[in-house]
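Because the structure is a prediction, the values reported are computed rather than measured. Counting begins at 1 with the first residue of the sequence.
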Amino acid sequence: MKLRQKVIFLAITPLILALCAIALAVRHQSVLLAQQQRATIQQAYLSSKEAELKHYVALASHSISHLYDSGRDDAATRNEAMRILSSLSYGDDGYFFLYDMQGNTLMHPRQPELVGQNLFGLRDEYGQLTIQNLIQRAKAGGGLERYMWVKPSTHKPVAKLGYVIAMPKWGWMMGTGIYLDDVDQALAKVDVQQSGNIHNTMLWIAGIAIAAAVAVASSGLALNISELRVADAKLKVLAQRVVESQEEERARLSRDLHDGISQWLVSIKLQIEAGIIRLSSGKPEQQQAAQAVFEHAADQLSNVMAEVRRISHNLRPAILDDLGLAAALQHLTKEYTLSSGTPVHFEASGCTEGLPDVANTVLFRLAQEALTNIERHAGASRIDITLAGDEQHVTLRIRDDGHGFDAEGIALHPQRGIGLRNMMERMDAIGGRFEIVSSTDGTLVTASAPNNS
């Protein structure tokens, strides 16, 4: 995986993880809120139904209060009370029922087949003693009781919430109730709506996550394409500079060989031929002249050898490999002083021996380029070169007292400042740092390379 792809992956992954965490948190909170809301609705619904049942029982009691409080306790009075209670109803499944304290059914408008039966030992599908619990609740002062009972409209057992009271004068238990399947259906609708809302929320979060990931990936792709285009353009320019530098170096070597060594060699050849002719004459005076010619040819050969060493040194000084960067720079400054007449003060300190060969070459070439630029353009009267090293970096500083130049403008000029750009690119290639500060008081070049010692 390429670096740019890793960057995009590392950008998208935290985003997706964050959105997933948000989605899980939202889902957890939504489910928790839905449960709390359901419990609240259920409690409120049941509270309203409980209050409603109390009112129904109170109304039923009031409807027969004139008979119950009359003091009469005969069959006619009781039958009239039963008739009144059986006529009271609310809805298809809302009715009143009567039992005596022994569990005998006295009145049941929706299930008349139960009248006259003793249901004291009746158990529901969960094993609960239904009628006994209702009687105990009535004897305890009345109140609410949950139990299972067959719903008249569906003929299926469902949960029921009953409210009963005792009528001790006649030995009755009167009550009514509501079936809770309607409550369950209402709560099921609430659950469905809440589940739908949670599902829609998750879809929105997923859509946002996909859109964000696509946006990041698209931005990264566009950035990659843009950077690739810029890199290709820079690579083409760099390749052109390399070709130009190679051609310039070849042209310089050709001039050095043709203008210097080639002419000296031709001159030496002619002198040797002339010396041979004089030696062949056999005359003493010609032999003495031949000796002088050979001595002059030997001097010129020494010059040729010095020129060869100079060219070899410019290509790559052997001293750089044998004695290190500090010695190579010391030798370079001495040669520059001899050739240009401008004094160069060199000083080395610290640890400078841990640099790799490529870093040594880069700093040496940078010093060569800087001295060449100073000789051509600066008009300096003094040059100071310092080489300092520590555990992290080796730093080369070259300062001159010339008239300076516009460093930023030259670096950006498309046809000028090739040497300056070469120095910058050489330092970038080894992960170093390059700075140049120039003014009318002079120029300071600073190059720092990482020390691997």
Heavy-atom donor-acceptor pair, Asp401 side chain to Ser381 backbone, under 3.5 Å: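 Present.
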N/O donor-acceptor pair under 3.5 Å between Ser302 side chain and Ala298 backbone: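 At least one qualifying donor-acceptor pair exists.
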Residue among Tyr163, Tyr95, Tyr56, Tyr90 satisfying side chain to side chain donor-acceptor pair (under 3.5 Å) with Thr176: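 With Thr176 as partner, side chain to side chain donor-acceptor pair (under 3.5 Å) holds for just one option, Tyr90.
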Test log, rule side chain to side chain contact (heavy atoms under 4.5 Å, CB included), inputs Val437 and Thr446: CA-CA 9 Å; Val437 179; Thr446 304; over 6 Å; no
If every non-hydrogen atom of [X] is compared with every non-hydrogen atom of [Y], which pair is closest and at what distance?
X      : Y      : answer
Phe434 : Val445 : CE1-CG1, 3.6 Å
Gly402 : Ala380 : N-CB, 3.8 Å
Val158 : Tyr179 : CG2-CD2, 3.2 Å
Ala449 : Met427 : N-CE, 4.3 Å
Thr337 : Val344 : OG1-N, 3.5 Å
Pro450 : Gly432 : CD-CA, 4.2 Å

Name of the residue among Leu134, Leu53, Asn133 meeting side-chain contact (heavy atoms from CB on, under 4.5 Å) with Val164: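 Testing Val164 for a side-chain contact (heavy atoms from CB on, under 4.5 Å) against Leu134, Leu53, Asn133 leaves exactly one candidate, Leu134.
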Taking atom [atom1] of [X] and atom [atom2] of [Y], what is their separation to the nearest 0.5 Å?
X      : Y      : atom1 : atom2 : answer
Ile374 : Arg399 : CD1   : CZ    : 11.5 Å
Leu144 : Arg146 : CG    : CZ    : 9.0 Å
Leu161 : Leu180 : CG    : CG    : 5.5 Å
Thr130 : Lys160 : OG1   : NZ    : 10.5 Å
Gln29  : Ile22  : CD    : CD1   : 13.0 Å
Ile205 : Met202 : CD1   : CE    : 4.0 Å

Got [X] and [Y] here, is their nearest side-chain heavy-atom distance under 4.5 Å?
X      : Y      : answer
Glu375 : Thr372 : no
Leu332 : Gln368 : yes
Leu444 : Arg397 : yes
His345 : Arg382 : yes
Phe97  : Arg110 : no
Asp384 : Phe346 : no
Pro157 : Lys151 : no
Ile165 : Ser61  : yes

Test log, rule side chain to side chain contact (heavy atoms under 4.5 Å, CB included), inputs Leu122 and Leu129: CA-CA 6 Å; Leu122 178 67; Leu129 293 169; over 6 Å; no
Chi angles and distances behind the salt bridge (charged side-chain N to carboxylate O under 4.0 Å, His left out) call for Glu50, Lys54: CA-CA 6 Å; Glu50 291 172 1; Lys54 291 179 182 179; 5.9 Å; no
Test side chain to side chain contact (heavy atoms under 4.5 Å, CB included) applied to Ile131 and Tyr147, step by step: CA-CA 9 Å; Ile131 303 304; Tyr147 57 96; over 6 Å; no
With sequence neighbours excluded, residues passing salt bridge (Lys or Arg N to Asp or Glu O under 4.0 Å) with Arg123: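 If we apply the salt bridge (Lys or Arg N to Asp or Glu O under 4.0 Å) test to Arg123, skipping adjacent residues, there are no hits.
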Side chain to side chain donor-acceptor pair (under 3.5 Å): pairs with one or both residues in residues 199-217, sequence neighbours excluded: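 Matches after skipping sequence neighbours: none remain.
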